[in-house]
2 protein chains.
Amino acid sequence: MGTKSEALKQFNRIAAGTAEIVPEEDLKTKLEKSISTGKPLRIKLGLDPTAPDIHLGHTVVLHKLRQFQEFGHQVVLIIGDYTGRIGDPSGKSETRKQLTEEEIEKNAATYKEQIFKVLDPDKTELRYNGEWLSRLSFADVIRLASNYTVARMLERDDFSNRFHNEEPISIHEFLYPLMQGYDSVAIEADVELGGTDQKFNLLIGRTLQREYGLEPQVALMMPILEGLDGKQKMSKSLGNYIGITESPREMYGKTMSISDDLLVRYLSLVTRFSEEEVSSIEKGLQENRLHPRDIKMQLAREIVSMYHSQEAAREAEEEFKRVFSKGQLPDSIPEFTISAEELKDNKIWLPKLLSLANMTSGTSEARRMIKQGAVKINDKKIENQDEEVEITDGMIIRVGKRKFIRIRK
Amino acid sequence: MGTKSEALKQFNRIAAGTAEIVPEEDLKTKLEKSISTGKPLRIKLGLDPTAPDIHLGHTVVLHKLRQFQEFGHQVVLIIGDYTGRIGDPSGKSETRKQLTEEEIEKNAATYKEQIFKVLDPDKTELRYNGEWLSRLSFADVIRLASNYTVARMLERDDFSNRFHNEEPISIHEFLYPLMQGYDSVAIEADVELGGTDQKFNLLIGRTLQREYGLEPQVALMMPILEGLDGKQKMSKSLGNYIGITESPREMYGKTMSISDDLLVRYLSLVTRFSEEEVSSIEKGLQENRLHPRDIKMQLAREIVSMYHSQEAAREAEEEFKRVFSKGQLPDSIPEFTISAEELKDNKIWLPKLLSLANMTSGTSEARRMIKQGAVKINDKKIENQDEEVEITDGMIIRVGKRKFIRIRK
């Protein structure tokens with residue numbers, strides 16, 4: 001196959017499922033050059049050092065990175081340890097928590113463990129940006145900052161909103177995007193990946209590389225994955241996520257709870273299925289040759305297989321069928337022993353019990369779940385948000401479809 | 001004398017002639033504390049490393065510093081060598097020319113030579129801000145920049161105008177005022193001096209010191225001295241200045257050219273005269289007991305004495321009287337030999353001749369001077385702006401009151 005057609009093949013595979021590539025032409029040129037010289041492209045992904053708990057939403061870019069690796073390209077993951085160690089000196093930003101050396105080390109280890117479930121470690125370089133950022137002097141920072149204007153920085157959505165609402169923006173906040181952009185200079189990235197919400201930052205890297213005399217990187221934006229609710233983006237704080245370290249049972253069950261509309265999107269963005277396989281499934285669904293429930297099970301098996309094993313996927317599926325298809329209790333139910341101090345006349349306020357047993361994140365969520373009719377005690381739905389429950393040893397509480405607990409006293 | 005009354009005495013002397021002190025109360029408190037502890041205050045002045053040619057306008061702050069020294073306080077001059085060595089990486093700012101190590105050294109030497117004509121070297125510390133700025137890491141810069149908001153920085157007049165006119169402001173430009181402010185942190189300044197146009201910058205120093213846990217400095221602003229024209233501020237580019245390295249004759253003559261209105265202001269801002277002496281002269285002038293011309297000569301003698309010597313002042317005065325009071329030519333007249341190539345039929349365009357002989361800065365200024373009736377050849381006023389002059393050996397050209405040249409061919 002000629003260089004051009006091989007490059008086009010790679011380009012088509014890589015472009016599939018992306019939200020935007022800026023500019024597409026540069027990516028084609030870079031792929032051709034890489035093929036003709038035999039030199040792999042360097043594909044950058046920056047990792048937030050504070051949040052090592054990866055969920056499926058994060059894996060959208062990982063799967064795209066994996067495709068680059070399959071064509072022989074080099075992935076460079078950058079852990080923002082320098083940024084993490086500084087944190088936000090003004091203490092105002094919750095997303096810029098200051099981290100200790102140990103926390104960063106620990107988070108990096110977790111990242112590796114989780115990320116290599118999708119990526120090929122042999123084609124992945126893991127770098128810490130403190131390696132180059134700690135060497136910059138004040139004069140270097142001045143030079144860096146001279147490449148970007150105040151007006152352009154204020155175009156970034158979050159800055160723009162805050163500026164117009166007259167909420168304070170500290171000057172140092174303008175330096176973080178430049179640091180991230182400078183990472184692209186330091187590692188000589190050819191392509192940088194991110195969600196569509198990262199476009200502004202990815203383009204800064206492009207600008208800076210040009211100013212530092214390098215060939216500018218291509219910014220490749222992936223769509224933001226919807227969460228289990230199918231509406232908002234998948235996020236830990238919204239609770240609509242599947243964490244990639246969750247148990248096979250949780251993972252399988254959560255996947256089965258997504259709406260049919262999301263099926264093809266999930267198949268395309270967070271599995272190892274090829275474009276052809278996804279298209280063929282999509283067609284089957286449209287023509288009613290395939291049943292959404294079967295495909296959802298296939299998706300659930302794939303997800304559990306990736307992050308656990310095929311065996312675990314099979315077991316999770318058995319379990320799921322038993323509980324939901326046949327209405328039985330699961331094989332094993334966790335137990336919660338309630339301390340006598342919490343009881344008054346052997347009774348407890350139900351929201352408190354749910355919260356103590358970690359069935360809900362707190363009493364407010366508990367009351368909400370009761371109101372939605374999602375809480376059952378010994379298979380009987382509870383109607384009263386402020387139910388005072390009489391405790392009996394062995395009673396079974398169920399929240400939603402998949403959470404069970406056996407109370408011990 | 002008690003601490004309070006001694007502090008009040010110092011305060012009154014220092015406050016005299018200032019444009020603004022922010023806040024006055026802090027200065028009083030600092031003076032009291034200094035008197036009671038015997039620890040001199042640290043009085044900061046930042047010097048621009050690019051412009052070592054000091055004129056009387058610059059000496060306004062120097063005289064105020066000198067008063068602090070007379071009360072035993074410590075002056076700290078800061079040469080912005082670090083800023084100078086960086087320059088403006090975007091290359092857009094003319095005021096931020098990049099300087100070599102040698103240029104900075106040379107400028108610093110010139111500063112010393114010129115400044116110690118007013119200041120007491122024994123109570124002056126000369127520091128280079130590279131000493132501390134070169135040690136700051138990127139993390140330190142982030143911390144520094146976290147203490148100031150984008151909105152507040154945009155309030156500075158020049159930024160504000162450019163922002164509203166949609167002229168680009170590079171992000172690094174926000175870092176220079178912070179560097180200057182950090183100098184106050186580094187040297188633990190108690191008071192910083194500057195012109196009223198420096199208020200914004202001096203207050204940044206105050207803010208930063210507070211953020212770094214220091215007692216904030218007092219910002220003391222001096223009025224901006226009017227130039228010889230009595231209208232615009234004294235500045236080299238406007239040509240309305242008296243440089244403190246100019247010859248006694250130039251200096252004396254230029255001083256004599258100021259309008260009577262400016263007399264008291266100059267006496268108060270750029271001489272060593274006490275407040276009482278100036279008040280008494282002012283009164284004498286108001287009551288017509290003193291003649292402005294005599295006072296102007298006293299001012300001219302004082303200025304020449306400060307920057308040259310009393311002897312030089314006496315000689316300059318003699319010379320001045322000879323030329324202007326008696327209409328005679330000065331003792332010595334510089335000569336200019338005109339090259340034959342410049343002549344056509346032994347004639348030359350007068351503006352070109354004035355420009356070649358350095359009598360004017362160029363042909364435009366020359367034409368303006370002719371139009372104003374300020375150009376004479378052999379004591380005959382020239383009316384035609386484009387006069388073609390026939391050259392005779394020994395002819396004398398006069399521009400304004402004090403510039404003479406003898407033409408040689």
Side-chain angles (χ1 to χ4, degrees), chain A residues 81-93 96 98 129-154 156 159-160 162-179 181-183 204 207-208 211-212, chain B residues 81-93 96 98 129-154 156 159-160 162-179 181-183 204 207-208 211-212:
Chain A
D81 71 320
Y82 195 71
T83 339
R85 242 174 302 177
I86 302 172
D88 177 9
S90 66
K92 284 171 203 144
S93 161
R96 294 239 171 259
Q98 191 169 5
N129 68 1
E131 184 187 331
W132 45 86
L133 293 180
S134 66
R135 287 201 213 111
L136 297 190
S137 67
F138 203 155
D140 296 327
V141 177
I142 292 271
R143 184 183 164 199
L144 177 59
S146 75
N147 295 304
Y148 225 80
T149 67
V150 172
R152 277 185 75 188
M153 195 60 89
L154 281 174
R156 204 173 85 160
F159 290 145
S160 166
R162 285 162 63 196
F163 191 70
H164 288 112
N165 295 334
E166 297 187 3
E167 290 161 21
I169 303 167
S170 291
I171 292 169
H172 75 293
E173 297 183 66
F174 278 10
L175 300 178
Y176 291 114
L178 296 175
M179 284 177 141
Y182 187 78
D183 292 344
I204 289 186
T207 302
L208 292 183
E211 297 293 339
Y212 281 81
Chain B
D81 71 320
Y82 196 71
T83 338
R85 242 173 304 177
I86 303 171
D88 177 11
S90 66
K92 282 172 205 148
S93 162
R96 295 240 171 257
Q98 192 169 2
N129 67 2
E131 182 187 333
W132 46 86
L133 294 181
S134 66
R135 288 202 212 109
L136 297 190
S137 67
F138 204 154
D140 296 326
V141 177
I142 292 271
R143 184 183 165 198
L144 177 59
S146 75
N147 295 305
Y148 224 79
T149 67
V150 171
R152 277 184 75 187
M153 195 60 90
L154 281 173
R156 205 174 85 161
F159 290 144
S160 165
R162 286 163 63 197
F163 191 70
H164 288 112
N165 295 334
E166 297 186 4
E167 291 162 21
I169 303 166
S170 290
I171 292 170
H172 74 294
E173 298 184 64
F174 278 9
L175 300 178
Y176 291 114
L178 296 176
M179 285 177 141
Y182 187 77
D183 290 346
I204 289 185
T207 302
L208 292 182
E211 298 293 339
Y212 282 82

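All values below come from the heavy atoms of this structure, side chains included, with hydrogens, waters and symmetry mates left out. This one's a predicted model, so the numbers in the text were calculated from it and none came from an experiment.
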Legend entry - Counterpart residues, salt bridge (Lys or Arg N to Asp or Glu O under 4.0 Å), relative to B/Glu167 (two or more places apart): none

Inset, instruction - Please name the pair of heavy atoms, one in A/Val150 and one in B/Ile171, separated by the smallest distance, quoted to 0.1 Å. - result: N-CG1, 3.9 Å

Legend entry - Residues forming a ring-ring contact (aromatic ring centres under 6.0 Å, His included) with B/Phe174, sequence neighbours excluded: B/Phe159

Legend entry - Residue selection (most heavy-atom pairs with chain B, distance under 4.5 Å) from A/Leu133, A/Ile142, A/Leu136: A/Ile142

Legend entry - Approximate separation, where rounding is to 0.5 Å, of B/Thr149 OG1 and A/Arg162 CZ: 10.5 Å

Inset, instruction - Provide the closest heavy-atom pair for B/Ser146 versus A/Ser170 in the form atom of the first, atom of the second, distance. - result: O-OG, 3.5 Å

Legend entry - CZ-OH distance between A/Phe138 and B/Tyr182, expressed to the nearest 0.5 angstrom: 9.5 Å

Inset, instruction - Could you tell me which non-hydrogen atom of B/Ala145 sits nearest to which non-hydrogen atom of A/Leu175, and how far apart they are? - result: CB-CD1, 4.2 Å

Inset, instruction - Could you tell me which non-hydrogen atom of A/Ala139 sits nearest to which non-hydrogen atom of B/Tyr82, and how far apart they are? - result: N-OH, 3.0 Å

Inset, instruction - Measure the shortest side-chain to side-chain distance between A/Tyr148 and B/Pro168 over non-hydrogen atoms and say whether it is less than 4.5 angstrom. - result: no

Inset, instruction - Rounded to the nearest 0.5 Å, what's the gap from CZ on A/Arg152 to CD1 on B/Ile169? Could you check? - result: 14.5 Å

Inset, instruction - Find the one option among A/Met179, A/Glu211, A/Glu166 whose heavy-atom pairs under 4.5 Å with chain B are most numerous. - result: A/Met179

